[in-house]
Amino acid sequence: AEETMILTERQGRVAVIRLNRPKALNALCDQLMEELGQALRGFDADPEVAAIVLTGSDRAFAAGADIKEMQSRSFPAVYLDDFIGKRWEAVTYVQKPVIAAVAGFALGGGCELAMMCDLIIAADNAKFGQPEINLGVIPGAGGTQRLTRAVGKAKAMDLVLTGRMMDAAEAERAGLVARIVPLAEVVAEAVKLGEKLGTLSAPALAMAKEAVNRAFETTLAEGVKFERRAFQSLFSTEDQKEGMAAFAEKRPAVFRNR
Ligand code: HXC
């Protein structure tokens, strides 16, 4: 039997998925991505889970797609296999909040995977980059698009054309990273955030995430219209009644996700 390449655990209502292929710095081979997709779909469907934390090791979140596995592939093979579409996009279909807790290298597909998550909490040793150019290729899992939207053209071109890495401080300044915390605290911080989100209304969170993501897909006018309709639709939830009643009654809200 093959070893599994991810570890999963529950910490309260937060599911933690840990990429666990230490000998290859969590290089994202087909098997690992398959297991990751299954875990993400499982936790998204599990009513006991409120949020998902995706992390790696202290040394590497993930050092990219598996170069040794990719190197001899042909165009027809990667094309017909839709490399990397099907296997890699699982995280973008998750409705619950997905928090990347990134320590060490997040390179190539590793950086792209982190950017598919809803937000990135970085350890102070995190390093981000899109070094594909050094391999004679370019980012292939959204790097040229998501990085550009996250940090703007100047930094994106700098990183994608040169392949250089950016440290956690630069990544935060550039807007790629939501928070930087000491290495020893990065997973705990992400879990704590997930727990906090677990006390909020799940439908409101899912709509919030959908609306923010819509900003990357559409015009301002259409995005604002989408947001307004989503906002209005939340007045159909018990959670909206509860949240507003709790405020008026000066007590904490108890959301029931309906
Ligand atoms: C396969 C990898 C790997 C990768 C590291 N390893 N990254 N194997 N694919 N992406 C393996 C090494 O071969 C080595 O195995 C072991 O992990 C430890 O790595 P070292 O290089 O010895 O460590 P270090 O000297 O500390 O350097 C760390 C590093 C370097 C700077 C992160 O490993 C590196 O440059 N890795 C490649 C980064 C990269 O180019 N990523 C983009 C990939 S393309 P052995 O067996 O020798 O001990 C990509 C395309 C995405 O992601 C597009 C969508 C799919």
Side-chain angles (χ1 to χ4, degrees), residues 2-7 17-38 40 54-93 98 100-117 120 122-151 155-171 176-177 183 186:
E2 280 191 278
E3 276 176 68
T4 72
M5 295 183 173
I6 61 166
L7 300 171
I17 302 176
R18 190 181 287 276
L19 308 177
N20 183 43
R21 201 186 165 206
K23 278 185 236 149
L25 300 183
N26 293 333
L28 303 166
C29 62
D30 288 349
Q31 184 194 330
L32 188 154
M33 293 312 289
E34 207 67 63
E35 290 178 14
L36 175 60
Q38 272 176 30
L40 287 166
L54 179 59
T55 194
S57 69
D58 286 359
R59 193 162 165 232
F61 178 74
D66 189 318
I67 299 166
K68 293 163 195 169
E69 189 180 65
M70 277 188 291
Q71 63 176 13
S72 60
R73 287 181 177 166
S74 68
F75 170 74
V78 295
Y79 175 59
L80 294 175
D81 189 38
D82 191 24
F83 181 68
I84 50 75
K86 293 185 200 91
R87 245 176 245 109
W88 280 63
E89 285 182 343
V91 62
T92 68
Y93 293 101
V98 184
V102 173
F105 297 111
L107 301 178
C111 185
E112 293 170 307
L113 181 63
M115 290 191 292
M116 287 179 213
C117 299
I120 301 174
D124 47 20
N125 76 338
K127 289 216 183 291
F128 298 88
Q130 297 289 161
E132 288 91 342
I133 200 74
N134 296 319
L135 302 168
V137 292
I138 68 169
T144 63
Q145 305 304 300
R146 290 197 180 87
L147 187 65
T148 306
R149 283 161 162 85
V151 305
K155 285 266 187 226
M157 280 290 187
D158 184 1
L159 290 169
V160 171
L161 296 187
T162 70
R164 80 171 174 88
M165 294 183 210
M166 144 167 105
D167 66 17
E170 184 181 2
L176 180 62
V177 153
L183 172 58
V186 68

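One-based numbering, in listed order, for ligands and for the atoms of each. Heavy atoms only: backbone and side chains are in, while hydrogens, waters and symmetry mates are out. Since this is a predicted model, take the numbers as computed values, not measurements.
- Atom 32 (C) of ligand 1 has its nearest heavy-atom neighbour, among Ile67, Leu28, Leu107, in Leu107.
- Of the protein's heavy atoms, at least one falls inside 4.0 Å of atom 13 (O) of ligand 1.
- The N/O atoms of Lys68, backbone and side chain alike, include one that comes under 3.5 Å of an N/O atom in ligand 1.
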(request) Check step by step if side-chain contact (heavy atoms from CB on, under 4.5 Å) holds for Leu28 and Leu36. (result) CA-CA 10 Å; Leu28 303 166; Leu36 175 60; 5.8 Å; no

(request) Please assess Ile6 against Asn20 for the test side-chain contact (heavy atoms from CB on, under 4.5 Å), listing each intermediate value before the final yes or no. (result) CA-CA 5 Å; Ile6 61 166; Asn20 183 43; 5.6 Å; no

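- Considering both main-chain and side-chain atoms, Ala141 never comes within under 3.5 Å of ligand 1 through any nitrogen or oxygen pair.
- Considering only non-hydrogen atoms, atom 20 (P) of ligand 1 lies nearest to Leu25 out of Ile138, Val78, Leu25.
- Formation of a donor-acceptor pair under 3.5 Å by the Arg18 side chain with backbone atoms of Gly56 is found in this model.
- Close contacts of ligand 1 with Gly64, meaning ligand atoms under 4.0 Å from a residue heavy atom, involve 52 (O).
- With hydrogens and angles ignored, the 3.5 Å screen pairs no side-chain donor or acceptor of Asp58 with any backbone N or O of Leu183.
- Using a 4.0 Å cutoff on heavy atoms, Glu112 counts as a contact of ligand 1.
- Counting protein heavy atoms under 4.0 angstrom from atom 27 (O) of ligand 1 gives zero.
- Nearest to atom 38 (C) of ligand 1 by heavy atom, out of Gly109, Cys111, Ala63, is Ala63.
- Remark: Arg73 does not engage Asp81 in a salt bridge, criterion side-chain N to carboxylate O under 4.0 Å.
- From Ile84, atom CD1 reaches atom CG of Asp30 across 11.0 Å, with rounding to the nearest 0.5 Å.
- At a heavy-atom cutoff of 4.0 Å, ligand 1 is contacted by the side chain of Ile84 but not by its backbone.
- The contact set between ligand 1 and Pro131, taken as ligand atoms under 4.0 Å from a residue heavy atom, comprises 39 (C), 40 (O), 41 (N), 42 (C).
- Salt-bridge formation is not detected for the pair Arg21/Glu35: no Lys NZ or Arg NE/NH1/NH2 atom is positioned less than 4.0 Å from an Asp or Glu carboxylate oxygen.
- Ligand 1 places these atoms under 4.0 Å from at least one heavy atom of Ala24: 2 (C), 5 (C), 6 (N), 11 (C), 17 (O).
- With ligand atoms numbered from 1 in the order given, ligand 1 contributes 15 (O), 16 (C), 17 (O) to contacts under 4.0 Å with heavy atoms of Lys23.
- The backbone N or O of Glu3 sits less than 3.5 Å from a side-chain atom of Gln31, completing a donor-acceptor pair.
- For the pair Thr55 (side chain) and Ala101 (backbone), a donor-acceptor distance under 3.5 Å is present.
- Atom 46 (O) of ligand 1 is flagged as protein-proximal [any protein heavy atom, distance under 4.0 Å].
- In this structure, the side chain of Glu112 engages the main chain of Gly143 through a donor-acceptor pair within 3.5 Å.
- Only the side chain of Leu135 comes within contact range of ligand 1, with a heavy atom under 4.0 Å; no backbone atom does.
- Any N or O atom pair closer than 3.5 Å counts here, and Ala65 shares at least one such pair with ligand 1.
- Only the side chain of Arg59 comes within 4.0 Å of ligand 1, counting heavy atoms alone; its backbone N, CA, C and O stay farther away.
- For atom 10 (N) of ligand 1, the protein comes within 4.0 Å by at least one heavy atom.
- Between the choices Phe105, Phe83, Trp88, the shortest heavy-atom distance to atom 29 (C) of ligand 1 belongs to Phe105.
- With Gln130 contributing its side chain and Cys111 its backbone, the two residues share no donor-acceptor pair below 3.5 Å.
- Listed by number with element, the atoms of ligand 1 under 4.0 angstrom from any heavy atom of Met70 are 44 (S).
- A donor-acceptor pair under 3.5 Å links the side-chain atoms of Asn26 to the main chain of Phe61, judged by distance alone.
- From the protein, the heavy atom lying nearest to atom 53 (C) of ligand 1 is Gly140 N, 3.4 Å.
- Taking both residues in full, the closest heavy atoms of Ala114 and Val102 are given as CB-CG2, 4.0 Å, listed atom of the first, atom of the second, then distance.
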